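Just so we're clear, the structure is a prediction, and the values are computed from it rather than from any experiment. Just so we're on the same page: letters track the sequence lines, and every chain starts at 1.
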Amino acid sequence: MNTIAKHGYTLNELAERVGATVSGNGDALITGLATLHDAGPEDLAFLANPSYLRFLQDTHAGGVLIREEHKDACPVPALVLKDPYLGYAMLSQLFDPMAMKQAPTVHETAVIADTATIGERVSIGPHVHIGAHVTVEDDVVIDAGVAIGDGCIVGKGSHLYPNVTLYHGVTLGERCIIHSSAVLGGDGFGFAFNGKGWTKIAQIGGVRLGDDVEVGSCSSIDRGALGDTIIGNDVKIDSQVQIAHNVQIGDHSALAGCVGIAGSTKIGRGCLLGGGVGVAGHLEIADRVQITGMSLITNSIHSAGVYSSGTGAMPNAQWRKNAVRFKQLDEMARRLSRLEKR
Amino acid sequence: MNTIAKHGYTLNELAERVGATVSGNGDALITGLATLHDAGPEDLAFLANPSYLRFLQDTHAGGVLIREEHKDACPVPALVLKDPYLGYAMLSQLFDPMAMKQAPTVHETAVIADTATIGERVSIGPHVHIGAHVTVEDDVVIDAGVAIGDGCIVGKGSHLYPNVTLYHGVTLGERCIIHSSAVLGGDGFGFAFNGKGWTKIAQIGGVRLGDDVEVGSCSSIDRGALGDTIIGNDVKIDSQVQIAHNVQIGDHSALAGCVGIAGSTKIGRGCLLGGGVGVAGHLEIADRVQITGMSLITNSIHSAGVYSSGTGAMPNAQWRKNAVRFKQLDEMARRLSRLEKR
Amino acid sequence: MNTIAKHGYTLNELAERVGATVSGNGDALITGLATLHDAGPEDLAFLANPSYLRFLQDTHAGGVLIREEHKDACPVPALVLKDPYLGYAMLSQLFDPMAMKQAPTVHETAVIADTATIGERVSIGPHVHIGAHVTVEDDVVIDAGVAIGDGCIVGKGSHLYPNVTLYHGVTLGERCIIHSSAVLGGDGFGFAFNGKGWTKIAQIGGVRLGDDVEVGSCSSIDRGALGDTIIGNDVKIDSQVQIAHNVQIGDHSALAGCVGIAGSTKIGRGCLLGGGVGVAGHLEIADRVQITGMSLITNSIHSAGVYSSGTGAMPNAQWRKNAVRFKQLDEMARRLSRLEKR
């Protein structure tokens with residue numbers, strides 16, 4: 001697929017970029033990244049998770065990013081550094097064929113309001129719609145089929161992938177990345193029961209993203225009912241995530257796939273939410289809280305730490321017996337107390 | 001963002017609209033809505049949830065929608081009524097800058113089949129596609145990038161936000177709101193195993209929505225296998241929801257984010273499903289059933305009430321110990337019985 | 001909605017297609033499919049699930065696909081065969097009005113790169129974008145608003161419904177069906193913490209689908225970090241599903257709605273994952289594993305069978321008492337042991 005001539009770097013050049021020391025011949029040319037198992041002689045690999053140590057001795061990589069402790073076991077040149085995973089992350093951009101940007105162009109089929117302000121070096125793909133009073137800052141990429149509502153601001157260097165939708169009044173900081181089919185600024189889920197049916201509450205607030213926010217494909221960030229839904233700097237949101245109205249998420253927090261956060265909840269800074277986690281509305285989650293996958297949080301969490309709910313998986317026949325007992329658990333506890341008093 | 005001149009209303013005018021009595025000066029001009037905490041002197045606030053009572057005494061709002069019992073504690077003019085939240089909902093539309101509609105236009109890039117019927121005062125945005133034999137009734141708004149399949153009917157006053165997809169044979173009642181990236185009428189998940197692999201079951205039914213249905217962003221409502229998937233009047237569906245083929249949902253029910261309903265299940269009228277709830281297929285859920293967040297329902301529910309499953313969240317170290325015991329629960333119950341017989 | 005003249009088949013013709021024997025008059029004309037309950041005299045119905053047996057005696061169907069054991073209870077002509085559900089699946093395509101394809105056309109508003117290769121009898125809808133070096137094989141249907149990134153391959157006979165997005169470097173086998181708002185090839189969720197914030201890991205791999213893969217609406221299949229995310233032949237993926245980077249799914253597996261699979265996990269062949277199931281990252285799930293709805297899998301599963309986690313639903317008042325006891329479960333187990341030693 002990659003018809004572009006590959007860039008190459010020597011191991012010495014790569015070591016310099018990540019502050020590693022080279023063990024072995026540093027002149028070897030590297031043209032790609034791969035896993036220990038798949039790497040060929042022009043690929044750089046890395047060993048971060050010790051469970052992959054078994055692949056080290058047979059690797060055909062041209063070089064391996066590795067910690068000091070594993071250096072001697074490495075059969076090929078090593079780039080020795082403290083955090084091989086971070087080193088790999090830092091170098092990954094070099095080998096991404098998509099990072100070699102084409103010259104920015106605005107496609108003739110894009111429909112852009114007269115009152116929109118478009119910066120320098122902006123790419124706008126086919127069938128894009130940009131509404132009134134929108135500001136698109138420099139170096140932004142807007143792919144095919146994106147729709148941007150009135151009054152939005154798209155910060156410098158941001159990238160909106162195909163078929164993203166921003167409703168009116170959505171603000172993105174710099175270097176934000178929004179993946180396809182994601183929707184920012186849709187109405188929050190607000191209704192009051194009027195005795196006969198639901199009266200809709202107009203969702204008058206907006207959505208504000210800080211700098212360096214990434215939003216995965218098919219994720220939803222709803223606009224505020226009153227005031228904005230606010231996503232801090234460097235927040236990373238995976239695919240299939242639902243962020244309800246007036247949620248606030250602190251800087252550097254990361255939310256894995258299928259997470260749902262209900263309305264007006266505040267997530268602290270540096271939090272890590274596992275896949276499928278649900279957080280009820282109107283809660284406060286402290287900084288540096290970590291929640292394991294598919295846990296449900298129905299009360300505020302006041303201190304950093306790891307939190308969980310649920311039960312482990314087991315064979316269904318065994319599970320059925322235990323699940324039945326769960327329904328008797330309170331009764332069992334009472335019987336236990338009675339026995340203790342005998 | 002809001003470059004439109006704000007509409008203003010006196011407290012007296014607003015009180016009349018919601019049937020409130022004014023306590024204090026009713027001539028003050030209100031130009032917006034805000035929370036008690038954020039409101040300025042031209043904003044109307046409301047006090048519905050008593051936990052926000054602490055913000056009342058310091059509010060700078062121009063007026064507050066409030067219940068009789070809290071009137072005396074209100075430092076600013078009060079609009080006194082039974083249900084402040086409903087009052088707020090009723091007034092919210094007045095202050096939505098988006099509610100001031102522009103003149104309806106059909107964008108020149110929209111592709112509309114010759115056999116489609118388009119009503120009066122219909123807005124059709126850029127890059128829309130409307131298929132054969134579609135009926136779009138009066139006062140409908142269809143935003144950029146929407147695709148509408150053959151034979152659909154879009155009821156009077158409905159609004160389809162950007163990048164919505166309706167497959168063929170989808171019928172929307174009046175005043176429906178469909179948010180971006182939502183998909184109505186995609187194939188239900190139907191396959192028969194033929195001994196070697198899966199034979200696809202053509203999904204021949206359609207999707208029918210009643211009046212006043214709202215569907216959140218990135219939600220899916222699949223078409224029926226045989227016969228239609230049917231959503232009643234005034235049903236509210238949040239973002240990231242999955243409604244499988246041949247599901248039926250009764251009038252006025254509300255489904256929060258990330259809910260999933262499996263095939264052929266019937267949800268009653270006036271049900272409330274919390275975020276992330278899952279309901280298995282071929283079940284019947286009675287009217288006025290409420291299910292708390294992330295519960296899994298695998299049996300029909302025959303009477304109104306509140307239902308739950310799952311376990312509460314706790315610190316991970318504690319949870320691990322308890323989760324291990326869950327796997328021993330049946331054995332524990334047997335040991336308990338044995339002890340009781342001693 | 002269906003303005004196309006219906007095709008008709010005699011019961012004898014239909015029986016021949018599925019290898020059934022006709023009991024009763026085989027000359028009756030059938031023009032549609034319906035359930036036992038809804039069928040009229042020109043409809044064919046089927047009885048697969050015994051719980052629908054109660055509808056048999058009053059059916060007005062023109063014929064019923066049925067097993068030998070129920071034949072005598074059938075008041076109308078019967079097509080007798082071993083697997084009525086499979087028979088229904090095989091015939092369903094005949095009666096799908098959408099299966100009567102229109103002549104393939106490429107819409108004038110589609111934007112197709114000069115370097116793309118488009119096969120014979122390909123349909124391309126309005127507002128489509130096809131990038132550089134894309135290969136679209138024969139008999140493919142690409143609906144309105146679809147965006148296909150550089151270097152993709154869309155296999156023979158595949159169908160991409162409106163507003164699907166394929167990022168660059170995504171390969172689809174033959175006869176794949178991708179439903180609306182689905183996103184294939186979005187970035188996997190990969191970041192390394194650099195002490196101050198997150199360093200993004202470029203997602204350099206792609207996505208590869210085998211033949212006969214179906215992907216539901218609003219589902220995400222992320223591209224690999226290094227190497228591809230790989231979906232086997234005849235894999236069926238429902239709506240609202242999240243497949244993370246470098247996941248591998250074996251042939252003939254089926255994933256119901258709202259499933260989430262975390263990164264680098266391998267799902268075997270012939271697996272069935274119920275709605276809302278979550279599987280953690282870096283696991284291996286054996287062939288023919290079945291996981292019940294909303295279970296969380298955090299360890300590899302080494303043998304075929306049915307697996308579950310969670311607790312059953314119950315009235316909330318009862319649940320609250322039991323859920324509190326779950327937090328005391330380890331303590332209860334210790335108390336139980338102590339009692340046994342008395």
Within the side chain of [X], is there an N or O that forms a donor-acceptor pair under 3.5 Å with the backbone of [Y]?
X	Y	answer
B:Gln240	A:Cys218	yes
A:Asn322	B:Leu329	yes
A:Thr311	B:Ala323	no
A:Tyr167	B:Ser180	yes
A:Ser308	B:Asn316	no

Toward chain B, the part of [X] with a non-hydrogen atom under 4.5 Å:
X	answer
A:Arg338	neither
A:Lys327	neither
A:Phe326	both
A:Leu336	both
A:Ser295	backbone
A:Ala313	backbone
A:Val324	neither
A:Met314	side chain

What I'd like to find out is whether the side chain of A:Thr109 reaches to under 4.5 Å of the side chain of B:Pro126, using heavy atoms alone.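 Of all side-chain heavy-atom pairs linking B:Pro126 with A:Thr109, none is under 4.5 Å.
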Other residues, nucleotides, ligands: >12 heavy atoms within 6.0 Å of B:Arg288 CZ: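 Counting other residues, nucleotides and ligands, CZ of B:Arg288 stays at 12 neighbours or fewer.
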Which label fits B:His107 and A:His129: parallel for a plane angle under 30°, tilted from 30 to 60°, or perpendicular past 60°?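 Tilted.
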